[in-house]
Amino acid sequence: MARHPNPGHGFGQRRPSQAPPHPQQSPLFKGSPFQPLPAPTGASPFRLDLEAIVPKAVAAARKAGGMAFHVVGDTGGVLDPNPQTLVAAGMEHDAGVSGQYGVPAFFYHLGDVVYFDGQAEQYVPQFYDPYAHYPLPIIGIPGNHDGDVFDDGTRTNPLPSLATFVRNFCAATPGTHSPDAGEASRTAMIQPNVYWTLNTPFATIIGLYTNVPEGGVVEADQAAWFVGELQAAPTDRALIVALHHPIYSLDTYHSGSKPMATLLANSFASAGRSADMVFTAHVHNYQRFSIADVDGGGVTPYFVAGQGGYHNLHKVAKINGQPLITPYAVPGQSGVTLNSYYDDRFGFLRLEVSPNEIAVSAYTVPRPQEPWDQVPTLFDTMRFDWKQRRLVTGS
C-alpha cells in the first residue's frame, strides 16, 4: 500500500487554549499581509481638538463638568444588516438620553467599519445608511478589515489600503462630502491620520492603527509616535488608548494579542505614563477586564467592545461546559481578572468622563427576532477613579 507522509491537507483552525481559558496567545493564523499606511492628511503629531468638530457640545461639557460619548467596533453589516441596524437604532436612542453630563457628544469607532476589504461601494450599506439618523459625529480608528485589500489571497479592493477610510474619515477640510456617501447628509470627518490623538476637555484619546495581520502589527515610526503622545498627554485629564486588536480576550476564536501586549507594555515603560483605560474590538463580543498594575498600586480596565453589529458573535470560553462566573481570576495570569462579559447579544458602550472618574455603561439591543422598538438594556456598569487607579463600582 502506498504511503502518503505529507498529503498537504488542511483542516479546521485550532481554537485558543480553553484548559484553562487563556486571555492572550500568539496569533493562531496569519491573516492577510501587512499593508503600507496612507499619507497623513494633517500635520504631525496628528492631533485634533474635539472643539473643531462639535464646539457647542464641548462648551456644554465644560459647563456640566464632564462629557459623555459612545464607543464600539466591528459594526459593518455585510452579510446581515439587521444587527447593525439594531445597534445603530439603540445608539440613536441613547444619543438623546441626558445623563449626569448631558447627552453624548460623539461616537468613537474601534475599527472594522466596512467588511470585508474596505471597498468604497460598501460605505453606503454599511456606514452611511445605518447611521443616517444618528445625530452625532463618528470618529475613530480603522480595523483590519478596513485596511485589507485581499480575500483569501485574491485582490478584492483595487484601491490602496485605507484609501476609502481616509476619504471618509480624514478629509483635509470640514464639510467635505465623500464620493462614497451617496445621498447621505453626513460629511467626512477631519482626522489628521489613521493613527491620531483626540484632545477633549476631560480625556485624551490616543488611537493606534494595528494594521491587517492577525494579532496586529505596529511599525517603529508609529510606536515612537505613540510614546511621544503618551508623554505629551496632559496629566489633569484621563488618558484613554484605543486600538483594534485586543490585548486580552477569553473568546474561543481569536484570543488576545501578545505582540500588542508587548507594544503597550514597552511604550508605557518608555513614556513613564500608562493608559488609564484601554479599549479594543476585533473579537465580536463584550468583555471587561481589570489588570493589576505592575507596581501593585492599582488596576487598569481593559475592554473588548466588538459587539457593534457584524453578525457573527464570538463565544467566551467555558469550563467543563459551563459559562465562566465573574469575577473570574484567570489561572496562570497574575492580576488578570475578567469582571463582566456578554457574548450572545449586540450592543454598545456609553462613557461618562469627569475630572476624577470614568463611568462605562454596557448596553445590549434587541435580537433581530425580538421587537425592534425595545430601548437598549443596561447590562454592565463600572465606575473607575482614574486618579487613584481603583474600581469604585463594577468589581
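Using a cutoff of 4.0 Å between basic side-chain nitrogens and carboxylate oxygens, Arg47 and Glu229 are scored as salt-bridged.
In this structure, Arg273 contributes its side chain and Ala233 its backbone to a donor-acceptor pair below 3.5 Å. Looking at Asn193, its side chain never comes within 3.5 Å of a backbone N or O of Phe46 through a donor-acceptor pair. Asp148 places no side-chain N or O within 3.5 Å of a backbone atom of Val212 that could act as its donor or acceptor partner. Proximity of a side-chain donor or acceptor of Tyr341 to a complementary backbone N or O of Leu250 within less than 3.5 Å is not detected.
Surrounding CD of Glu183 are at most 12 heavy atoms belonging to other residues, nucleotides or ligands under 6.0 Å away.
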(message) Show, in sequence, the C-alpha distance, side-chain angles and deciding distance for Tyr131 and His133, and conclude whether the ring-ring contact (aromatic ring centres under 6.0 Å, His included) test is met.
(response) CA-CA 5 Å; Tyr131 303 111; His133 301 291; over 10 Å; no
(request) List the steps and the verdict of salt bridge (charged side-chain N to carboxylate O under 4.0 Å, His left out) for Glu51 and Lys56. (result) CA-CA 8 Å; Glu51 199 165 19; Lys56 290 183 179 179; over 6 Å; no
(request) Please lay out, stage by stage, how Arg367 and Asp344 fare under the test salt bridge (charged side-chain N to carboxylate O under 4.0 Å, His left out). (result) CA-CA 9 Å; Arg367 295 186 175 100; Asp344 57 354; 3.5 Å; yes
(request) Check step by step if salt bridge (charged side-chain N to carboxylate O under 4.0 Å, His left out) holds for Lys315 and Asp251. (result) CA-CA 6 Å; Lys315 303 300 290 184; Asp251 75 289; over 6 Å; no
(message) I'd like to know whether Val278 forms a side-chain contact (heavy atoms from CB on, under 4.5 Å) with Leu264, so could you lay out the CA-CA distance, the side-chain angles of the two residues, the decisive distance to 0.1 Å, and finally the verdict.
(response) CA-CA 10 Å; Val278 176; Leu264 262 58; 4.2 Å; yes
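In this structure, Tyr342 has its ring center closer than 6.0 angstrom to the ring center of Phe379.
With a 6.0 Å cutoff to the six-membered ring centre and a 45° limit on the axis angle, Arg237 does not count as a cation-pi contact of Phe202.
Side-chain contact between Val103 and Asp94: absent, with no pair of heavy atoms (C-beta onward) separated by less than 4.5 Å.
Heavy atoms only, all atoms of each residue included: Phe150 and Thr156 are closest at C-OG1, 4.0 Å.
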